[in-house]
Structure formats: C-alpha cells, structure tokens
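Remarks on the structure that follows.
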There are 2 protein chains.
Amino acid sequence: MKRNSRLSAVLHALLHMAERDRPMTSDELAVCLQTNPVVVRRTMAGLREAALVTSGRGHGGGWTLARPLEDVTMRDIYAALGEPMLFQMGNATESPGCLVEQAVNHALDDAFRDAEAMLIARLGEVTLATLADDFKRRFAEHRAALKQRG
Amino acid sequence: MKRNSRLSAVLHALLHMAERDRPMTSDELAVCLQTNPVVVRRTMAGLREAALVTSGRGHGGGWTLARPLEDVTMRDIYAALGEPMLFQMGNATESPGCLVEQAVNHALDDAFRDAEAMLIARLGEVTLATLADDFKRRFAEHRAALKQRG
DNA sequence: TATTTCGTAACTATTATTATTACATGAAAA
DNA sequence: TTTTCATGTAATAATAATAGTTACGAAATA
C-alpha cells in the first residue's frame, strides 16, 4: 500500500540534497528514491516554480536547494506540490439535489475540513532543519550502536 | 475525482432506509446511490457483521436498520467498513534502512496520526439521528421556499 | 563540437477501485 | 411444491489514477 507518497519522497530527496555541497542530478535522485529520473524532474518542477530549488543543465548541472533549511517547512513543500488531496474519501456527488446527501456531505465536510486544517498547521511547524537535525541524531545513535558492538 | 466515497455512500443509504418503514432492496439502494446492487451488498455486508443492519432474503426481504438512529455514530460506520485508510499519502518505504527516510517518516507519522485521531473523534460525535435531523430541517426549509414562491 | 543534463510530450504499465456476470442459497408467495 | 424474489459470493471485466518509459529537444559546459 504505497499511495501518493510524493510528499515523503520529496522530503527524502531534499534532505539528501542538503547533505551534499554540489547539485544532484535527476539520475542520482532517482536511484536514491528508487524511481525514474523523469518522475524526479516532473516532481521537482513544482518545487522549482515555488523557488524552493533551482535546476541547472549541462555539465555540473542538477538540483540545488535554493533556501536555507530553516526557512522551508513541510507545508511549503505540500503547497509547492499543488496541495494534493490529503484524504482518501471525498463526498458523494451522485445526486447533488438530494437533501439526504446534502446533510451527509455537510457533516463530513465539517469533520474533514477541521482535520485538514490541523494537519496543514502541523506541517507548517516542521522545517527541513528539524528533519535534518533528527537525521543527524539518528546517525549519531547509529554510529554509537556500531561502536558498542565493536 | 471521486475516490473511495463508501462512507458517504453508506450514510446516504442508511438515512434513506431510516425514512422508510420496510426493508429496502439492494436494487432500490443501488438506484438511489447510482451504483450496482452487488456493490451495495458487498458494502452493506460489513455493516451487517457489525450488527448495524440486518438483511433478509426472498419476498419482502432487503436491508433494515438494526439499531436506533441515536445509537449509531459515523465512527461506528467507519469501523464497520473496516477502518479504511483516511489519508491519501503514505510513507515512503523505498529504503527502510535509510536514516533520512526514517526521519521523514517519523515527522509525517506524527502529524498524520494526530489528524487521524481528531477526525475519528469527530466522527464519533455525530449520530445518524443528528444527520436525520439535519435532513428534516433542510426539507422543511425546502418546502417553505417552495410555498413562498407560490 | 561532443557530452551532459534538464524539459517535456506522448505513450505504456501498473494498481486500486468499481462494475458486471453468473450462479448458488434461502425465504415467501402462488 | 413450484415459482418468484432477494441476498451471498466468487470470478471476471472495466475504469481511473498513478507511476514508469521512451524519445527527442534545448541549454550549458568541457
């Protein structure tokens, strides 16, 4: 079950980019994300339009972060991806005139709208720097565990 | 864009059933929901297992609500449908060992889990009676508007 | 100029969901 | 008891959304 995982894939890509001091090519990112370079370009195009990354062609070209990690939240990235639907379930639209359907949709809309607002707010609280720090912490733990094992 | 709209479809069906004093057949519900009777049976099967509805075969058979409207919440129905995934996006699972991926997944899991908990709690606050009342209100308004227009 | 790399359109493949067909089972009516 | 009606369910087909691929053009660098 691996639906629309673009958001996590993009975060994954951006953090890998942050670990390097030169551009990463679409081919490199494709290997890293186990996908196709064309898919990488398509996805990153949205981020470029949002000025979160830049791309360069030819020798030494590839993808580069355009802003400091502290300035970019997961919400920014979600927005740059076109604010894809967060929820699996939509409303019925079989009989738009049906008053029963309207009552149902109204109740569901209320609940889903609130949950969505909360989720988006949460995405806005986490920056790429937060994620990078968490990665570094995990990396340090990993090394410590290796060392202890000898 | 009409993904997995089972929840709203089922609510729609149950409220229509509530408006009647005899069982509704799968064919009737299928017309009402603009789908196929077999799809209706498949979907309602989950509700029957959860004892929210009963089904009867042969003449006079069909689907009947098994509990008072006040006793059934949208959350009960969500549960009866097998608690389908609420979110469109899952986590990346390309490289389970990748520490970058783990950091990303952890942050996303946190946000999604909280939003899901909130949404499910909200579903638990709305009963079928709530929806039926809302329907009746809309119906009264509808009639008043018709009357005023002559 | 040769090579690298992105940009993008067109097409194919995969997957998830929904719809359909077919037939068995059970219940009520004739 | 036979006929009719309705659900139960497996198997299959159709549809739609997403992802992957191919192909080729454009731009930048060596």
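Letters A, B, ... are given to chains in the order of the sequence lines, protein chains preceding strands, and every chain is numbered from 1.
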Length of the [atom1]-[atom2] vector between [X] and [N], whole Å:
{"X": "A:Leu29", "N": "C:dC6", "atom1": "CG", "atom2": "C1'", "value": "12 Å"}
{"X": "A:Leu81", "N": "D:dT18", "atom1": "CG", "atom2": "C1'", "value": "15 Å"}
{"X": "A:Arg22", "N": "C:dT5", "atom1": "CZ", "atom2": "C1'", "value": "14 Å"}
{"X": "B:Met85", "N": "C:dT15", "atom1": "CE", "atom2": "C1'", "value": "15 Å"}
{"X": "A:Leu33", "N": "D:dG20", "atom1": "CG", "atom2": "C1'", "value": "14 Å"}
{"X": "B:Asn36", "N": "C:dT17", "atom1": "CG", "atom2": "C1'", "value": "14 Å"}
{"X": "B:Gln88", "N": "D:dT18", "atom1": "CD", "atom2": "P", "value": "6 Å"}
{"X": "B:Met44", "N": "C:dT18", "atom1": "CE", "atom2": "C1'", "value": "18 Å"}

Could you report the tightest heavy-atom contact between B:Leu7 and B:Leu81, atom names first, then the distance?
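Heavy atoms of B:Leu7 and B:Leu81 come nearest at CA-CD1, 3.9 Å.
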Which pairs with one or both residues in residues 110-124 of chain A pass salt bridge (Lys or Arg N to Asp or Glu O under 4.0 Å), sequence neighbours excluded?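 Listed by first then second residue: A:Asp110-A:Arg113, A:Asp114-B:Arg122, A:Arg122-B:Asp114.
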Practice item. Determine, using the 4.5 Å side-chain heavy-atom cutoff (strictly less than), whether B:Phe139 and B:Met17 are members of one ILVMFWY cluster. Key: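 Yes, B:Phe139 and B:Met17 fall within the same hydrophobic cluster.
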Worksheet item: Hey, any chance A:Val53 and A:Leu69 share a hydrophobic cluster, counting ILVMFWY side chains that come within less than 4.5 Å of each other, even indirectly?
Response: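 In one cluster: yes.
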Identify, with sequence neighbours excluded, every residue that meets salt bridge (Lys or Arg N to Asp or Glu O under 4.0 Å) alongside A:Arg20.
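Expected list: A:Glu28.
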Self-check item: Side-chain donor-acceptor contact under 3.5 Å, A:Arg48 with A:Ser55
Solution: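 Note: A:Arg48 and A:Ser55 side chains meet the donor-acceptor criterion.
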(request) Provide the full list of ring pair (Phe, Tyr, Trp, His ring centres under 6.0 Å) pairs with a residue in residues 90-114 of chain A, sequence neighbours left out, each pair given once. (result)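 Of all non-adjacent pairs touching residues 90-114 of chain A, those that pass ring pair (Phe, Tyr, Trp, His ring centres under 6.0 Å) are A:Phe87-A:Phe112.
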Write out all pairs satisfying ring pair (Phe, Tyr, Trp, His ring centres under 6.0 Å) with one or both partners inside residues 11-49 of chain A, taking only residues at least two apart or from two chains.
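Matches after skipping sequence neighbours: A:His12-A:His16.
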Whether A:Thr35 contacts D:dA19 is assessed here as follows: a side-chain N or O lying under 4.0 Å from the phosphate OP1 or OP2. Is that the case?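 Checking D:dA19 against A:Thr35, no side-chain N or O comes under 4.0 Å of OP1 or OP2.
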Letter by letter from the 5' end, nucleotides 4-10 of chain D scores (B base, S sugar-phosphate only, - none; protein heavy atoms under 4.0 Å) BBSBBBB
Read 5' to 3' with Watson-Crick or G-U pairs under 3.5 Å, [ ] for crossing pairs and | for partners on another strand, DNA chain C gives ||||||||||||||||||||||||||||||
B:Asp133/B:Arg137 salt bridge by N-O under 4.0 Å criterion |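 The answer is no: the pair does not qualify as a salt bridge.
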